[in-house]
Peer 1: 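Structure below; questions to follow.
Computed over heavy atoms, backbone and side chain alike; hydrogens, waters and symmetry mates excluded.
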Amino acid sequence: MHRGRAMTRRSAGIARLIAASGISWSGDWALTTAASVAVFRETGSTAAVSLLLALAAIPAVILAPLAGAVADRHDRRKIMLSADLASAVVLLALLPALGTGAELPAVYAAVLALGIFATFHRPASEALLPSLAPPAQLSRANSALRLAQRLGFIGGPAAGAWLIDRGGLETVFVVDAVTFFVSSLIIAAIPRVRASATGATESTFRAAAAGFRYARDQRNLRIVIISVGITMLVAPIVNAGTVVFVADELEESESWYGWLLAAQGIGAIAFAAALIVLGPRTRLLPTGFIALVVTGSSVLLLATSASVAPAIVAMVTMGMGVVGLQVAFASYLQREAHDAYRGRIMGLVATVASIGNLVGLAITPLAVLALGVRPAFAVAGAIIILSALPILSMLRNGSASEVAPAADRASSRP
């Protein structure tokens, strides 16, 4: 009886965690989109927009290891709650500066602040999820989380663009603040979960360093994190190069770029829904390996596309592959990592992914200019496929987490 009530409470907690993450994700993207439009209208400079986007990405590079350490040393639910409340407060506090000569600094400050708070929110959220979801249901919960985030990724930018055209930046800030308040109320209703604590007397910096050593010493964790970093390194070649590909190679209107991104989103949503149905039947490492190969192959297909139709097929397949590797690898890392280190592992993943993304953005123009867009896509696809080989070696060696639930083994680690 008591166990049944506890399971019901945890199931409700998972639903609330997923809903709150989706709302927070939507709010982040709504502001980023509206801010990008506002900055470009004010300055007419793509460099100014690039600076804005860098401000959104840099906090994860610098602060994610520390954010992971904080998530392992404090109540993860309270961290998420504080991050959302702080986001709402900052947006409302900066509201008077809009429409004045300080509008641009206010926009940059808002994007930077929300990037910082999101950096603390996400590892806490991803570390809390395995404490609510039974090991057999973890992949299903992660699939639902990715589905909510994908919907936020689609709906957030659309809402931000619509709101800034209808009501201006002030309306965007107010509506965005409301979404963060709503998210905080949902988080407050998540049941408390006792987390493993370690190194409570250490400084946050020492705790972050201990998390790095933990990841370094766990071969399986290390391989998966490196595979994620490699994928994120070459992903910008595809993301940024697709608009050039549409205009120069397919000789179509640039508006087809938006349709191709929509096709990728449809593939991602469809496969996330399929993984929810599959649930416990999903084997994590095989799924991650296949997803990497599918993602790389879809990039190769895009490179060889002679018209819009095969390009759409490639993008749908790419969306499915990307969500597959996100769900499989996030679930695997959450299961493999001891709860006391889980926040730091997820923070380290965010750091590696962000560094890879920023470096990829820097090398993309050089790669496209030196090789041409089709060869650049081909190289990117080949690299993604090659990054799957270490995962294949783990499968051949027989990863313990594919034989017995890793969460059971993780609970016995120091």
Peer 1: Distance-only criterion, 3.5 Å: show the donor-acceptor pairs between side-chain atoms of residues 116-123 and protein atoms not counting sequence neighbours.
Peer 2:
residue	atom	partner	partner atom	Å
T119	OG1	A60	N	3.4
T119	OG1	G115	O	2.7
R122	NH2	D28	OD2	2.8

Peer 1: If you round to the nearest 0.5 Å, how far is CD1 of I18 from CG of L147?
Peer 2: 9.0 Å
Peer 1: Applying side-chain hydrogen bond (donor to acceptor under 3.5 Å, both in side chains), name anything that partners T351, two or more places apart in sequence or on another chain.
Peer 2: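 With neighbours one apart ignored, the set is empty.
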Peer 1: Please find the pair of heavy atoms, one from A69 and one from A207, that lie closest to each other, and give the distance.
Peer 2: CB-CB, 3.9 Å
Peer 1: Applying side-chain hydrogen bond (donor to acceptor under 3.5 Å, both in side chains), name anything that partners S26, two or more places apart in sequence or on another chain.
Peer 2: none
Peer 1: Work out which heavy atom in A106 is nearest to a heavy atom in L94; give both atom names and the distance.
Peer 2: O-CD1, 3.5 Å
Peer 1: As an exercise, state the distance from CD of Q218 to CG of N220, rounded to the nearest 0.5 Å.
Peer 2: 8.0 Å
Peer 1: Is the side chain of R344 donor-acceptor paired with the backbone N or O of P65 at a distance under 3.5 Å, no angle test?
Peer 2: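 Checked: no pair found.
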Peer 1: Please list every donor-acceptor pair under 3.5 Å in which a side-chain atom of residues 158-179 meets a protein atom from a residue at least two apart or in another chain.
Peer 2:
residue	atom	partner	partner atom	Å
D165	OD1	R41	NH2	2.6
T171	OG1	G167	O	2.9
D176	OD1	T179	OG1	3.3
T179	OG1	D176	O	2.6

Peer 1: Please evaluate residues N142 and Q326 with respect to the criterion side-chain hydrogen bond (donor to acceptor under 3.5 Å, both in side chains), reporting the C-alpha separation (whole Å), side-chain torsions for both, the decisive distance (0.1 Å), and the verdict.
Peer 2: CA-CA 9 Å; N142 269 304; Q326 287 177 342; over 6 Å; no
Peer 1: What pairs with S183 under side-chain hydrogen bond (donor to acceptor under 3.5 Å, both in side chains), at least two apart in sequence or on another chain?
Peer 2: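 In terms of side-chain hydrogen bond (donor to acceptor under 3.5 Å, both in side chains), with neighbours along the sequence ignored, S183 is linked to S24, D84.
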Peer 1: Name all residues meeting the ring pair (Phe, Tyr, Trp, His ring centres under 6.0 Å) criterion together with F245; count only those two or more places apart in sequence or in a different chain, and write none if there are none.
Peer 2: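 If we apply the ring pair (Phe, Tyr, Trp, His ring centres under 6.0 Å) test to F245, skipping adjacent residues, the hits are F377.
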Peer 1: Looking at side-chain heavy atoms only, is the closest gap between L104 and T43 below 4.5 Å?
Peer 2: yes
Peer 1: Any donor-acceptor pair under 3.5 Å linking the side chain of Y341 with the backbone of A210?
Peer 2: no
Peer 1: With sequence neighbours excluded, tell me which residues meet side chain to side chain contact (heavy atoms under 4.5 Å, CB included) with A215.
Peer 2: I225, I345, L348
Peer 1: Taking the side chain as every heavy atom from C-beta outward, state whether L132 and I190 have any pair of such atoms under 4.5 Å apart.
Peer 2: yes
Peer 1: How far apart are the closest heavy atoms of S305 and L250, and which atoms are they?
Peer 2: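 For S305 versus L250, the nearest heavy atoms are O-CD2, 3.7 Å.
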Peer 1: Please round to the nearest 0.5 Å and tell me the distance separating atom OG of S87 and atom CG of L114.
Peer 2: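 One finds 4.0 Å between OG of S87 and CG of L114.
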Peer 1: Any side-chain to backbone donor/acceptor pair from R16 onto A189? Under 3.5 Å, distance only.
Peer 2: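 Yes.
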Peer 1: Return yes if a side-chain donor-acceptor contact under 3.5 Å exists between S139 and S331, otherwise no.
Peer 2: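 Result is no, nothing qualifies.
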Peer 1: Just jot down the side chain to side chain contact (heavy atoms under 4.5 Å, CB included) partners of L300, sequence neighbours excluded, or say none.
Peer 2: A378, I385
Peer 1: Apply side chain to side chain contact (heavy atoms under 4.5 Å, CB included) to I226 and list each qualifying residue two or more places apart in sequence or on a separate chain.
Peer 2: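 I226: side chain to side chain contact (heavy atoms under 4.5 Å, CB included) contacts with R222, I230.
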Peer 1: I need the full list of salt bridge (charged side-chain N to carboxylate O under 4.0 Å, His left out) pairs touching residues 135-147, with sequence neighbours left out, sorted by first then second residue.
Peer 2: E126-R146
Peer 1: How many angstroms lie between CG in L55 and OH in Y108, if you round to the nearest 0.5 Å?
Peer 2: 7.5 Å
Peer 1: Do M394 and Y332 have side chains that approach each other closer than 4.5 Å (heavy atoms only, starting at C-beta)?
Peer 2: yes
Peer 1: Mind running side chain to side chain contact (heavy atoms under 4.5 Å, CB included) on L91 and L31 for me, showing each step along the way?
Peer 2: CA-CA 10 Å; L91 288 169; L31 178 68; 4.0 Å; yes
Peer 1: Would a 4.5 Å heavy-atom cut-off, applied to side chains only, mark V322 and F271 as touching?
Peer 2: no
Peer 1: Quick check: closest heavy atoms across V111 and A56, and the distance to 0.1 Å?
Peer 2: CG1-CB, 3.7 Å
Peer 1: To the nearest 0.5 Å, what is the distance between OG on S227 and CD1 on I384?
Peer 2: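 Interatomic distance, S227 OG to I384 CD1, rounded to 0.5 Å: 11.5 Å.
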Peer 1: How long is the straight-line distance from CZ of F329 back to CG of L284, given to the nearest 0.5 Å?
Peer 2: 9.5 Å
Peer 1: Does the side chain of M318 come within less than 4.5 Å of M315's, by heavy atoms?
Peer 2: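 Contact flag for M315/M318 side chains = yes.
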Peer 1: If you look at every heavy atom in G321 and V294, which pair is closest and at what distance?
Peer 2: CA-CG1, 4.3 Å
Peer 1: Just checking F181: does its CZ atom have more than 12 heavy atoms from other residues, nucleotides or ligands closer to it than 6.0 angstrom?
Peer 2: yes
Peer 1: Please lay out, stage by stage, how F180 and V89 fare under the test side chain to side chain contact (heavy atoms under 4.5 Å, CB included).
Peer 2: CA-CA 9 Å; F180 283 113; V89 170; over 6 Å; no
Peer 1: Can you find a heavy atom in the side chain of S21 that is under 4.5 Å from one in the side chain of L17?
Peer 2: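 Yes, close enough: below the 4.5 Å cut-off.
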Peer 1: Do P130 and D339 make a side-chain contact, defined as non-hydrogen atoms from C-beta onward lying under 4.5 Å apart?
Peer 2: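 The answer is no; the side chains never approach within 4.5 Å.
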Peer 1: A328: which residues meet the side chain to side chain contact (heavy atoms under 4.5 Å, CB included) condition with it, sequence neighbours left out?
Peer 2: T287
Peer 1: Spell out, as yes or no, whether a donor-acceptor pair under 3.5 Å connects the side chain of N357 to the backbone of M232.
Peer 2: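 Judged by distance alone, no pair lies under 3.5 Å.
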Peer 1: Examine distances only and state if a side-chain atom of S393 and a backbone atom of P390 form a donor-acceptor pair shorter than 3.5 Å.
Peer 2: yes
Peer 1: For the residue pair Q264 and V316, establish whether any side-chain heavy-atom pair is separated by less than 4.5 Å.
Peer 2: no
Peer 1: Can you pull the salt bridge (charged side-chain N to carboxylate O under 4.0 Å, His left out) pairs that have at least one residue in residues 58-67, sequence neighbours excluded?
Peer 2: none
Peer 1: Looking at every non-hydrogen atom in both residues, tell me the closest pair between A127 and R76 and how far apart they are.
Peer 2: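 Looks like O-NH1, 3.3 Å.
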